[in-house]
Participant: 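Below is one structure. I have some questions about it.
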Amino acid sequence: MENNLMYERQNGFAGLDNQTKGEIYSFCEEYKQALTKAKTEREFCDLSVELLDKAGFVSLDSKDSLKPGDRVYAVNRGKGVTAFVIGKEPIENGLNIVGAHIDSPRLDLKPNPLYEEGKMAYLKTHYYGGIRKYQWLSIPLSLHGVIIKKDGTKVQVNIGEGEDDIVFCIADLLPHLAQNQAGKKLSEAFEGEKLNVIAGNVPADVDKDKKKYAVMEILNQKYGIVEADFVCAELELVPAFGAKDTGFDRSMIAGYGHDDRVCAYTALKAIIDTKTPEKTAVCMLVDKEEIGSLGNTGMQSRFFENILAKLCDKLNNNYNELLVRGCLSNSSCLSADVGAAFDSNFADVYERGNASYINEGLLITKYTGARGKSSASDANAEFVAKICRIFDESDVKWQCAELGRIDVGGGGTIACYLANLDIEVIDVGVTLLGMHSPYEIAGKFDIYMAYKGYKAFMNS
Ligand code: MN
Ligand code: MN
């Protein structure tokens with residue numbers, strides 16, 4: 001009989017030596033800082049470039065030719081970055097790609113956000129991604145983003161993160177007057193049009209009722225902008241709090257935007273720690289996953305193929321379209337995205353035997369989708385076996401699970417768009433509690449296993 005007859009799963013910290021535990025905890029200290037510092041796709045893109053530069057990566061455009069061991073990256077409109085470490089094998093043998101997204105659910109400002117109502121100035125928001133609206137009331141919010149002025153100058157906005165900064169807030173209804181609302185269905189009790197952020201209360205000197213005008217005066221003084229400039233802006237409201245340890249044992253991290261910066265950060269660290277792999281290693285960080293991977297910064301864009309064509313050209317003087325196509329066909333990808341951890345408070349939406357658990361290791365999701373695997377990206381068993389073998393050989397502890405019970409919902413990732421490019425792909429990421437909430441929880445063991453797993457894959 002085989003020794004490992006049964007597939008036993010257990011908490012990764014059980015029986016773990018102190019040295020490894022120390023490595024995990026110190027790795028997670030840096031991750032917490034990154035999560036607190038970079039709360040939007042633009043900020044995470046900037047942070048990634050900073051870390052890549054420090055690690056000896058250079059812009060792809062700055063190189064005329066490439067050779068094994070070279071480290072290059074390409075930025076997509078400030079909202080995504082793809083980094084490569086050129087491998088020893090010819091590019092037509094394919095790439096080992098780890099792809100994650102760096103956008104997270106949030107509240108965007110509308111193009112005409114500022115208005116006055118009920119003797120108060122407000123900013124109108126339009127939520128981005130799958131949020132539970134009630135979670136965004138009565139919490140401190142910070143405003144991040146850019147405003148492009150008429151003269152083309154870019155104003156960087158970051159309000160609400162500093163010690164003395166103001167924060168923004170959407171006031172919730174008091175329980176004393178919530179009788180009608182309390183009787184409504186949850187899906188009807190909170191409306192997108194009511195997620196309006198308080199902007200100011202002091203009236204302007206010119207007219208005692210003009211609170212909106214007074215807010216605009218402050219913004220004009222501080223940023224030199226006029227009301228029409230909001231049209232040419234991307235301003236995002238995100239939770240103003242930072243990432244913190246949770247659990248008396250400090251075994252987990254609570255923070256905004258684990259989905260999917262927990263996979264993005266670990267993938268980035270993995271490529272930074274990759275020297276000269278056999279196959280060319282790729283860390284691809286994309287935008288717009290939360291709204292369907294659309295747009296030229298999302299995974300459905302031709303950006304990656306265009307960059308790959310450029311890369312192939314710099315590697316090979318006999319460049320042709322077939323080289324790029326052949327490279328894609330021989331490539332493998334880990335779609336690095338988060339899963340839903342079993343939560344005993346909501347046990348009825350999970351199937352325990354096929355659920356993932358916090359700190360039981362890197363999560364492999366063979367297929368995503370909803371109901372009868374609708375819209376699923378379903379990895380081929382041969383490829384699943386290959387990935388399990390890579391992880392086992394590198395001592396990466398993993399678990400395999402589905403999102404939840406069959407008929408209660410579902411979801412997808414960027415995996416299907418990579419599969420469309422004829423790439424072998426499987427979802428591999430970190431499982432979370434409270435996914436898409438302003439304060440998601442991830443296990444430190446799982447975070448470290450993601451880093452180890454992505455690195456092992458890039459070097460396979
Ligand atoms: Mn995600
Ligand atoms: Mn998501």
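Positions are given from 1, in the same order as the sequence printed here. When a ligand or atom number is given, it counts from 1 through the structure's own listing order.
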Participant: Give a yes or no on whether the backbone of Asn296 and the side-chain of Asn76 come within a donor-acceptor separation of less than 3.5 Å.
Facilitator: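 Side chain of Asn76 to backbone of Asn296, a donor-acceptor pair under 3.5 Å: yes, one is there.
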Participant: Regarding Arg389 and the six-membered ring of Phe391, is the cationic atom NZ or CZ under 6.0 Å from the ring centre and inside 45° of its axis?
Facilitator: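 No, Arg389 and Phe391 do not form such a contact.
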Participant: Mind checking ring pair (Phe, Tyr, Trp, His ring centres under 6.0 Å) for Phe230 and listing every partner two or more places apart, or none if nothing turns up?
Facilitator: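 If we apply the ring pair (Phe, Tyr, Trp, His ring centres under 6.0 Å) test to Phe230, skipping adjacent residues, there are no hits.
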Participant: Whether Arg106 and Glu41 form a salt bridge (side-chain N of Lys/Arg under 4.0 Å from carboxylate O of Asp/Glu) is what I want to check.
Facilitator: yes
Participant: Mark yes when over 12 heavy atoms from residues, nucleotides or ligands other than Gln19 sit less than 6.0 Å from its CD; otherwise mark no.
Facilitator: no
Participant: Measure from NZ or CZ of Lys39 to the centre of the six-membered ring of Phe44, then state whether that distance is under 6.0 Å and the direction lies within 45° of the axis.
Facilitator: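 Output no; distance or angle outside limits.
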Participant: At distances under 2.8 Å, what protein N, O or S atoms surround the Mn ion (ligand 2)?
Facilitator: Asp259 OD2, Glu290 OE1, Glu290 OE2, His436 NE2
